[in-house]
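Inspection log for the structure reproduced underneath, given as structure tokens.
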Amino acid sequence: MCGDLRAENDGQEVVLLGWVNRRRDLGNVIFIDVRDRTGLTQLVFDKSENPALHEKASTLRSEFVIGAIGKVRRRGEKTINRNIPTGEIEVVASELRLLNESKQPPFLPSDPALANEEVRLKYRYIDLRREPMQYNIELRHKVALAIRQYLSSKGFFEIETPFMTRSTPEGARDYLVPSRVYPGEFYALPQSPQLFKQILMISGFDKYFQIVRCFRDEDLRADRQPEFTQIDLEMSFPQPDRVFEVVEGFLQAAFKAAAHELKTPFPRMSYDEAIRNYGIDKPDLRLPKLTDVRSAFTAEQLQSLQLNPELPVVAIRIPVIGDLSRKERDENRPLFGERKEARLIDDIKRLEKSFPEAVAKLREMSGAEASDLVVLVGAPAQMEKSATRPDYGVFMAAGALRVELARKYAQRHMAFHKGGFHFAWVTDFPMFEWDENEKRWNAAHHPFTSPHERDMDKLESDPGAVRALAYDVVLNGTELGSGSIRIHRQDIQSKIFRALGMSDEEARSRFGFFLEALEYGTPPHGGIALGLDRIVMILAGAESLREVIPFPKTAKAVDLMVDAPTPVSEAQLRELGIKIR
RNA sequence: GGGGACGUAGUUCAGUUGGUUAGAACGCUGCCCUGUCACGGCAGAGGUCGCGAGUUCGAGUCUCGUCGUCCCCGCCA
């Protein structure tokens, strides 16, 4: 193919098929770079050697599809192009076929200046011809293949589950598909194959996986698409450690396919540790931890700083970037924002003038070098006692600022530039979250997650303290996947629904089929699902999922190429028994 | 639902305080050119300044609305 020829192919007769990447017409000699997904090769058309062919070559234009037959020739020392892998050779054409012409494209795949994304998405077929996109799509293929091979080799079956299924409202909004046979009734596209994979465990397929599309009708982000691909898996009789092992194994295989070696096992921490050390449940381990430096201060010092002595004083350390100017500090204030639960002390120099020993101590406690930036986040001395965990409030405010500062000064601290992949497991998530709007407990993961055995007695007395056998895998501050050991006993499942304020009838009407299945010999089981798009995005070093999804949607969930969604005909609606309001 | 950025030639962009015929680069067309590789030279074509109102003697520029794209918050069990 076009990217394959090397000096050792000298003298061979070859056929090249591809697109005209660029043409350089020097008059009596024409150079055509012919491109396919493997790369470029230079074709030469010399008027003095073959006038008719030279004439034909002069009509070629960008993105024409051609076939050429010719002889590989080593280039002269002075004409070698060191910038491309095939630069030591060229192909002297003896025959040329024009397989198809092209209109002038809105942008050229060979153009180093990138067209704006709106244009790229409308003409996605041209955008995908660009070398970086070809690379990303190939990378995606290799990663998916490595994962399939790994899981298959460990005894997992890839089993398909339906796309047209039942709406189980809770969680994200469903995409609905109207039924023609039953007017007024709808299928839902799966937000995940959760219940089906659990039922496969009940059916005895003890190791299941699927690389599967999932659908969620929520607003988009750079790292969120309405349809996205998950590596979904489930195992019977597992401890969480078994799930971690399998995930670490297939991630190692996937990263190896992308030429990166991963060390396993990944570090593990509880949700509580994650919050205390990073102020977030998806910690970015590329930067130093937070440190509670409250003990560096005396009670009087905390009072004069208007900091709450009962709550942590958290030091955020960003390496290398040094102290900030007054102007930079002012610019950074909005990153912290107006907060009730925490206050920011960003001028350590000034603090040092008042309390030199305290600052020396807190620098030591946080491990700060002289060249590191340190800022403090504490709780205001006067605060309402509303939050259940005010200490978490302080850590989380600090964690958010840590991420913002790190992002803002990425150019200076360089911690994000090494291409390092820092994985972590976060375990023991809380089982429930308090929903302030609806005044009730919600499942933090999903309602089929098993609580910790030893927290079982708190289900009614203190739901907020119940920990779940739930875990996330995190990479460089991005949540890659989330899973849990599931509930396999119907009596416990009922307790959970009750704790969520769901009546038996309500649970039956939503999940009846599943609750019934649980009663027919369900083995203990658990699993996880990881976002394939996010994995490939991080491997590709891309800023957006759109760079690794061939045909993505815009932030308003529109496909600009096919122009979807669209209205449908009155006849179609009538057939479905649907009327648009 | 809320906040922010952007929209000018096929593409990427510039366009001053509101003032002559809206510019550049790449791409495109034609001519010249035998060693280029982001070829080079000369000439040329190409514009509903996203769309609609308004202010003004005069709007790419100011105001309002609207459409679209991007980023963030909410949302994403």
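Note that this is a predicted model, so its numbers are computed, not measured. In the text below, chain A, chain B and the rest are named by the order of the sequence lines, each starting its count at 1.
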Might you list the N or O atoms of the protein lying below 3.5 Å from N or O atoms in nucleotides 6-14 of chain B, with each pair's distance?
residue	atom	partner	partner atom	Å
G10(B)	O2'	P106(A)	O	2.9
U11(B)	O4'	P106(A)	O	3.0
U12(B)	OP1	N116(A)	N	2.6
U12(B)	OP1	N116(A)	ND2	3.1

Open item on the list: For a quick check of understanding: with a heavy-atom distance under 4.0 Å over all strands, which category does R73(A) fall into, base, sugar-phosphate or nothing?
Closed with: base
Task: salt bridge (Lys or Arg N to Asp or Glu O under 4.0 Å) against D223(A), all qualifying residues, sequence neighbours excluded - done: R534(A)
TODO: Look at all strands and tell whether R75(A) reaches a base, only sugar-phosphate, or nothing, counting heavy atoms closer than 4.0 Å.
DONE: base
- [ ] Tell me what E90(A) touches on the nucleic acid: a base, only sugar-phosphate, or nothing, going by heavy atoms under 4.0 Å.
- [x] base
Open item on the list: If I pick the C1' atom on G46(B) and the same atom on A22(B), what distance separates them, to the nearest angstrom?
Closed with: 14 Å
Task: Interatomic distance where CD1 belongs to I32(A) and C1' belongs to U36(B) [whole Å] - done: 12 Å
Open item on the list: Taking any heavy-atom pair under 4.0 Å as a contact, classify T79(A): base, sugar-phosphate, or nothing.
Closed with: base
- [ ] Identify whether any heavy atom of R23(A) sits under 4.0 Å from a base atom; if not, whether one sits that close to sugar-phosphate; answer base, sugar-phosphate or nothing.
- [x] sugar-phosphate
TODO: Determine the contact category for L108(A): base if any of its heavy atoms lies under 4.0 Å from a base atom, sugar-phosphate if only primed atoms, P, OP1 or OP2 are that close, otherwise nothing.
DONE: sugar-phosphate
Below 3.5 Å between N/O atoms, which protein atoms pair up with nucleotides 41-44 of chain B? Just atom names and distances, please.
none

Open item on the list: Any base atoms under 4.0 Å from E118(A), or only sugar-phosphate, or nothing? Heavy atoms, all strands.
Closed with: sugar-phosphate
Open item on the list: Atom CZ of residue position R508(A) - does it have more than 12 heavy atoms of other residues, nucleotides or ligands inside 6.0 Å?
Closed with: yes
Open item on the list: So, does R24(A) get its side chain near the phosphate of C39(B), meaning an N or O under 4.0 Å from OP1 or OP2?
Closed with: yes
- [ ] Write down the distance separating the C1' atoms in G2(B) and C62(B), rounded off to the nearest Å.
- [x] 27 Å
- [ ] Under 4.0 Å between any heavy atoms, over every strand shown, what does R221(A) touch: base, sugar-phosphate, or nothing? Just pick one.
- [x] base
- [ ] Remember a base hit wins even if backbone is also touched, and classify S110(A) as base, sugar-phosphate or nothing at under 4.0 Å, heavy atoms.
- [x] nothing
Open item on the list: So R82(A), base contact, sugar-phosphate only, or nothing? Heavy-atom distance under 4.0 Å.
Closed with: nothing
TODO: Could you tell me whether K47(A) contacts a base, only the sugar-phosphate backbone, or nothing, with contacts defined as non-hydrogen atoms closer than 4.0 Å?
DONE: nothing
